[in-house]
Amino acid sequence: MADRSRHLIGLLLGAEEDWPRAFEALLQRVGPVRLADGHEHEFGSRRLTIEPFDLNDPVRVGLVIDRLAYWYYHPREWLKKAALMNGTYLLNSPFTFQSMEKHSAYCAMLRLGLKIPRTVLVPYKNPVDNVRWAYTSATYNRPFDLDAIAEELGYPLYMKPFDGGGWRGVSRIRDRDDLHRAYDASGEMLMHLQATIEYEKFARALSIGAETMVMDFRPDEPMHNRYAVSHDFLSPSAGHQAVAISRIVNAFFGWEFNSCEMLVQGDSVHPIDYANACPDVALTSLHYYFPWAISALVKWSVFSLATGRRSTIDLKMERYFAIADDDSLDYDAKLKAYLALADEHFETTKYQEWCASYLGDFDLRVRDWVAGPDFERLLRETVAATYPAHEQEQFLAHFKGLTDLWLADQAG
């Protein structure tokens, strides 16, 4: 009888039900995977609960998909213990997502020479809750002219929290009145002012391990209509840059489940937001792209466990900086060199070959599931939980049409 390993994937969840149910259903369709050496791997999942833990407690799960710890500190500290003490594989490092918020991510990518819009960090509008504030402020805080900073950046611009997420506290600033209204409302939030870029397309790239999907994103539309099904909405150069930048960001910080937002003008790609600890994978927003996202998440988790992939704790950022400081390389050459490091980090070729060898019919199983009654039940229940009764049939038809379009495209 072949040697056998049983792997357990932990799901650390907040208020989500749609994608976890899809993940669990598709993971069951992986079945046992027998490698060339005869070793067999089986996979299961469990939803993790939150409770007191001893730092020496064993951890049963071998890999964790975390959707909670970016704001809930108790499970975040459990993840750190699991990574450091037990070698648990984490798709997103809690170490870098705690310390590398948007501000640090901007700085790091500026250091690599990416086209980040000009950004200025301004002090708090309201005093922080600290007894030393008055003395420190009177002694060391220099007065500044908010209007002058905005004028230099140019209107319109954006004001947003240095560590924000989910569009929290983001304001489009059209003029001086908007500027002061938004700054007054910021309170104790620490804010960036960021120049805007004239753009033709707003692209959002979702990266899961070694796979990336670049989507045509329309932020002003209602959530159900924000992701347009547009396959060639970017030029070949811009499309390549969008994929490369997303993977470079993730490899640089040790993230494997993240989204990157970019403003695109012709062949010029400007990343504006790429530190999303809990990227959008909701059925009612991704719709057409939902089956790809969940199947990619299953495949990357299975690949990571079956091949014994280890989490990255030492990030080796100096390798990227050496490329950044090489004056003999132009922008495209640096991007190519960064992407080579990212592909090395994600073992991209190995992943593709492994999936072809051991998950060759998995995509067909995914299509069968999306075409079947279990997915239709999930879609109907998700719509019922999301929309008022009088709108449910309309939205059910909307999302069913988009997922049916995905099925037709896959069959073609």
Side-chain angles (χ1 to χ4, degrees), residues 11 13-29 45 47 65 67-68 71 165-168 170 172 201-208 211-233 257-261 273 276-298 363-412:
L11 305 181
L13 304 172
E16 306 155 296
E17 275 295 327
D18 53 354
W19 82 260
R21 286 175 57 185
F23 181 91
E24 290 160 347
L26 292 183
L27 185 65
Q28 290 178 358
R29 284 161 173 77
S45 65
R47 300 191 182 194
I65 301 172
R67 303 279 291 178
L68 182 62
W71 67 268
W167 298 77
R168 170 180 62 87
V170 177
R172 180 175 170 85
K201 288 293 183 178
F202 191 124
R204 173 173 269 181
L206 176 60
S207 288
I208 299 172
E211 295 195 44
T212 301
M213 181 68 70
V214 181
M215 295 167 283
D216 187 354
F217 190 66
R218 301 174 296 186
D220 296 330
E221 291 284 329
M223 184 57 75
H224 72 275
N225 208 33
R226 286 187 181 176
Y227 292 90
V229 181
S230 305
H231 299 305
D232 296 310
F233 70 102
F257 188 17
N258 185 39
S259 62
C260 178
E261 294 175 357
D273 180 2
N276 296 294
C278 191
D280 181 14
V281 287
L283 172 55
T284 51
S285 53
L286 287 191
H287 45 76
Y288 178 93
Y289 299 103
F290 181 80
W292 166 82
I294 307 308
S295 61
L297 194 56
V298 169
D363 290 344
L364 180 59
R365 298 183 198 183
V366 173
R367 299 205 314 255
D368 289 344
W369 179 73
V370 174
D374 287 348
F375 178 79
E376 185 171 351
R377 186 180 309 110
L378 171 62
L379 179 58
R380 184 173 292 278
E381 291 173 1
T382 301
V383 168
T386 306
Y387 298 100
H390 69 281
E391 295 181 349
Q392 288 174 13
E393 288 306 315
Q394 167 197 342
F395 280 109
L396 182 63
H398 173 74
F399 296 124
K400 184 71 164 59
L402 287 165
T403 52
D404 283 350
L405 176 60
W406 179 84
L407 283 169
D409 286 349
Q410 297 305 303

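Worth saying up front: this structure is predicted, and the values here are computed from it rather than measured. Below, all heavy atoms of this structure are taken into account, side chains as well, without hydrogens, waters or symmetry copies.
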Pairing residues for Asp404 by the salt bridge (charged side-chain N to carboxylate O under 4.0 Å, His left out) criterion, not counting sequence neighbours: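 Residues passing salt bridge (charged side-chain N to carboxylate O under 4.0 Å, His left out) with Asp404: Lys400.
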side-chain contact (heavy atoms from CB on, under 4.5 Å) between Arg204 and Asp216, worked out: CA-CA 7 Å; Arg204 173 173 269 181; Asp216 187 354; over 6 Å; no
What's the shortest heavy-atom distance between [X] and [Y], and which atoms?
X	Y	value
Leu11	Pro20	CD1-CB, 4.4 Å
Asp18	Thr284	OD2-N, 4.4 Å
Ala293	Leu286	CB-CD1, 3.9 Å
Ala25	Trp369	CB-NE1, 3.6 Å
Tyr387	Gln392	O-NE2, 3.0 Å
Phe257	Ile208	CD1-CG1, 3.9 Å

Working to the nearest 0.5 Å, report the span between [atom1] of [X] and [atom2] of [Y].
X	Y	atom1	atom2	value
Ser207	Asn258	OG	CG	7.5 Å
Tyr288	Ser230	OH	OG	10.5 Å
Glu391	Leu396	CD	CG	13.0 Å
Asp273	Glu261	CG	CD	4.5 Å
Phe375	Thr403	CZ	OG1	4.5 Å
Arg21	Leu283	CZ	CG	10.0 Å

Do the ring centers of His224 and His398 come within less than 6.0 Å of each other?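 Yes - the distance between ring centres of His224 and His398 falls below the 6.0 Å cut-off.
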Please tell me whether Phe217 and Tyr227 form a close aromatic pair, meaning their ring centres lie under 6.0 Å apart.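 Here the rings of Tyr227 and Phe217 have centres that are less than 6.0 Å from each other.
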Go through it in stages, so that I can follow the logic: the residues are Val370 and Trp406, the test is side-chain contact (heavy atoms from CB on, under 4.5 Å), and I'd like the CA-CA distance, side-chain angles, deciding distance and then a yes or no. CA-CA 9 Å; Val370 174; Trp406 179 84; 4.0 Å; yes
According to salt bridge (charged side-chain N to carboxylate O under 4.0 Å, His left out), does anything in residues 276-293 pair up with another residue at least two apart or in another chain? List the pairs.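 Passing the test, one end in residues 276-293: no pairs.
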Given side-chain contact (heavy atoms from CB on, under 4.5 Å), test Phe233 with Val214 step by step and report yes or no. CA-CA 10 Å; Phe233 70 102; Val214 181; 3.9 Å; yes
Pair Arg365 + Asp368, salt bridge at N-O below 4.0 Å: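 Result for this pair is no, no salt bridge flagged.
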Can you tell whether the side chains of Arg172 and Asp220 come within less than 4.0 Å, N to carboxylate O?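 Salt bridge absent between Arg172 and Asp220.
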Give the intermediate values and the outcome of side-chain contact (heavy atoms from CB on, under 4.5 Å) for residues Arg29 and Leu26. CA-CA 5 Å; Arg29 284 161 173 77; Leu26 292 183; 4.2 Å; yes
With sequence neighbours left out, write down each residue that passes side chain to side chain donor-acceptor pair (under 3.5 Å) with Glu24, or none if nothing qualifies.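 So Glu24 forms a side chain to side chain donor-acceptor pair (under 3.5 Å) with Arg47.
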Donor-acceptor check, side chain of Arg67 to backbone of Pro279, threshold 3.5 angstrom: yes or no?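 Yes: the side chain of Arg67 pairs with the backbone of Pro279.
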